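Written below as structure tokens is the structure these notes are about.
Index from 1, following the sequence. What you see is a predicted model, and the numbers here were worked out from it, not measured in a lab. In each ligand, atom 1 is the first atom listed, and ligand 1 is the first ligand listed.
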Amino acid sequence: MQESAAQSPHFLDAHTHVQFSGFAADRDEVIRRALDADVRMVNVGTQKDTSRAAVALAEQYPDAGVYAAIGLHPIHTSRSFHDADELGGGEETKAFTSRGEEFDTDYYRALALNPATVAIGECGLDYFHFNDDEPREVQVKRQKDAFAAQIALSKDVKKPLMIHCRDAFAELIAMLRPHAHELPPGIVHFFTGTPDDARVLLDLGFSFTFGGVLTFPPRKGKTQGDYDEVIKLIPINRLLSETDAPYVAPAAFRGKRNEPAYVVHAVARLAELKSMTPDEMKAQIWRNGKRIFGI
Ligand SMILES: [Zn+2]
């Protein structure tokens, strides 16, 4: 997977989920469309099955620029909403979402060591999607235990964290801070924190990936998009592009299934916000991705 510096840059979808069930019918065509559009991708796992599938998919496309991230999403540490586009509609996966998963270090460590794996996650804290079955403290503890184990795994295998965080930035930062000097520089995906949270995470070495939401028009009564201010403060060498497919399609495809080929829309908007040309932004993001993921 080594590419010489002389080779031209590619688009990078740094956070996507083509291994999910929502792509079961046409997965290879979706990947082919992305590769034809010069898009390289990191398929991100959310629990055991989707992590293993992310690695298997990368192995099907050797040297094509299809990589994997493996980990346990915070919402899957307890009972979670059953999303058929993620896991499929079968009884087995319904049973999974009703119980959740405890982080199995041996299982994930084996996947993490696979050369196709470029990051650990998505992992982190999500204080938005609690269920009503158990006290909040119990669910918080499960999330924190799983995240702590994945921080340790990132240090152990020297692959960066791919972080998901909602409504929990203070506690996320408190967990990361003591480890920041030993962690490979990681990524916060679909960042929704404040500019101050972003500054702290930048100080801790993190980069940020943004997707289709950047292309949505400003909300009623606003003159700029929700993420414009924060993107302006992030240095260009800390920015990446993503789709989070099958979710959050860019404005041009709003309400439809998203796919990696659409990452060009996020790149174009990032370029505008940073007063660069789309080609310059594409090249910058590719350099950033190479550095962070070691690809
Ligand atoms: Zn995701």
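Between the OD1 atom of Asp244 and the NE2 atom of His15, the angle taken at the Zn ion (ligand 1) works out to 100° after rounding to 10°.
Residues Leu201 and Ile292 fall within the same hydrophobic cluster, defined by Ile, Leu, Val, Met, Phe, Trp and Tyr side chains chained together at heavy-atom separations under 4.5 Å.
His17 lies close to the Zn ion (ligand 1), since one of its N, O or S atoms is found at a distance under 2.8 Å.
Between the Zn ion (ligand 1) and the N, O or S atoms of Glu122, the shortest distance is to OE2.
Seen from the ring of Tyr262, Arg33 does not count as a face-on cation partner, given the 6.0 Å and 45° thresholds.
Between Arg166 and His164, some side-chain heavy-atom pair lies under the 4.5 Å cut-off.
Side-chain contact annotation: Glu86 with His73, donor-acceptor N/O pair under 3.5 Å absent.
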